[in-house]
Amino acid sequence: MKKILYTLALAVTFWSCKTGTGAAKSNTVEVNINLTDVKDDKVLVTVTPPAIKTDEIIYSIPKTVPGTYSTDNYGKYSEDFKAFDAKGNALTVKRLDDNSWSISNAKTLKKITYLVNDTFDTEKGTGFGNDDVFSPAGTNIDAGKNFMLNTHGFVGYFQDKLDVPYKVTITHPDTLWGATSMTDEDASNTSDVFSTSRYAILVENPIMYSKPDYTTFNVNGMDILIAVYSPTGKYTAESITPEMKTMMTAQKNFLGKVNSTKKYTVLVYLSSMAKDDAHGFGALEHPTATTVVLPESMPKEKLVETMKDVVSHEFFHIVTPLTIHSKEIQFFDYNAPKMSEHLWMYEGVTEYFANLFQINQGLIDEAEFYTRIADKIEQAKGLNDTMSFTVMSKNVLEQPYKDQYLNVYQKGALIGMCIDIIIREKSNGERGILDLMHKLSDEYGVEKPFNDDELFAKITSLTYPEVGEFLNKYVAGTTPIPYDFYLAKVGVAKATEKKPGNPFIKGQIPNITIDKATKEITVRSESESIEFYKNLKLKGGDKILTVNDKSYNLDNIYDLITESENWKENDPITLKVKRGAKEETIKGTVKLPYEEAETFKATDASKEKLKNAWLKG
């Protein structure tokens, strides 16, 4: 999962029942989701159970799903839960907790029904660090316009029956089309039928219903489907496909034989940023799909750049944990999950690949790659650098470990980098961490998990003793990683550079504030000396009403931040401000605030061959 967090400003960077004329299969769970008759922003779900041989049965909707590493209690969005026998008589139902219901006289159970509300309506912030469901793992119900069906939010499972087949029928308006990697078995325009061999396969296949807007293309034997929902029509699938095709071609070339997926779907939901819309931006991986949620207000250049980063991260999850994973993931317990120790690999190595492939395939240059590494080191400094990564991973659903989860994208990626460099050094540049992942994929695979406590020994046997020493000391242990030491092995050392910052925020410190009474954006007096404000002669207390003829206030502050991310030095700019009681129009040019930032540079020519093997493969 890749999350993008927003604070005051933009900050950077899952997984009536329709039956035939004959009797239903006794070993199949049949589900109907009605997207045609939406009432009070809720949809009706009807479930026909398989044969039940116990007097009581428990039906559960997930508390946690793979890839989210959080407790989300999807069952709390379901209500009016009812159970009936073949004659339509109500059976006794008891709600056990947010996610589970006990049904009495279960041998006579014919069907259950319940209403599902969506999660997008309930979001208050970023979807991280609060009780919100992370948007790409959430659900949306917007009658006649869009339905985001992360299936774990609509469909549950019967106790001890996770491995029985599922047949899901979705009735929908004929104006909406369902984008998914599953195959529709119904040829009609108002009903789709999807069959999976077990519950886990259903959960890993999201579906997005909206007005048809999609493209398809093939990359090295993989069929790619990109579907886009853009509420105002600002973006189309066609408008972002060229960049996505270039990126995914590069990813396939980078991965080589490790990936054999035949179809992959990218579902892109662009939020209006309204109060009842999604606010948790990023993406969530599945074996054959990625769900992406981003603000529609993003400029095209920034949207494509962000898509490149988040979609590439999710795509690389094909390697781990989707192919290489522990028993905790293979036999995932949706309502009493046991977490694996190896988030450093599932998320960290994945994030490392999402950056490494870009320089390996020529999508970014060395300077940009080093800047990204330096940024990750800086971000990791703000988290607990002495916490054991394996302990944090195993306990990530609980405090204080939960608050350290974001380090999987920072220190986790850096762990991957260091292991890569060690393997490159010991093999004289011939092999790296991708080679290790190929070997682990051959050793294990989709249906063969590893034991958590045996992975380090297996990795050591496939590589070098130095890799095992690193894992035990810096990943399982509590010693901070000396990044300079490992980067020096490939001739790379610390350097500084000046880079443009954002006019409205520096780190987590804003240069503007909000007047709560009027919702107006106000320049802080401390900001007058910043080049952007000084050049435009803006004063502390000035209210920014419009920028380039677009009005801004508290309600669309994110729009202003995202727009400013695309500004270039000396771009023309026009502001309308209120100074005291008087409104003024100010015309000028953009002067970005430049900041000294740490980066890295290649400084040792004697290590050039090893460095090139590391970066270029």
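Fair warning: this is a prediction, and the values are worked out from it, not measured in the lab. In what follows, residues are counted from 1 in the order of the sequence shown. All heavy atoms count here, side chains included; hydrogens, waters and symmetry mates do not.
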Pairwise distance [atom1]([X]) to [atom2]([Y]) - rounded to 0.5 angstrom:
X    : Y    : atom1 : atom2 : result
F134 : T291 : CZ    : OG1   : 8.0 Å
R424 : I433 : CZ    : CD1   : 10.5 Å
D385 : I481 : CG    : CD1   : 7.0 Å
L610 : I421 : CG    : CD1   : 8.5 Å
Q410 : L383 : CD    : CG    : 7.5 Å
K601 : E366 : NZ    : CD    : 11.5 Å

Between K499 and D375, does any NZ, NE, NH1 or NH2 come within less than 4.0 Å of an OD or OE carboxylate oxygen? yes

Is any NZ, NE, NH1 or NH2 atom of the basic residue among R372 and E368 found under 4.0 Å from an Asp or Glu carboxylate oxygen of the other? yes

Between [X] and [Y], how do the two ring planes meet: parallel, tilted or perpendicular, split at 30° and 60°?
X    : Y    : answer
Y486 : Y474 : perpendicular
Y334 : F332 : perpendicular
Y59  : W101 : tilted
Y199 : Y157 : tilted

Is the backbone N or O of K338 less than 3.5 Å from a side-chain atom of E328, with the two atoms forming a donor-acceptor pair by type? no

Whether T68 side chain and V65 backbone form a donor-acceptor pair below 3.5 Å: yes

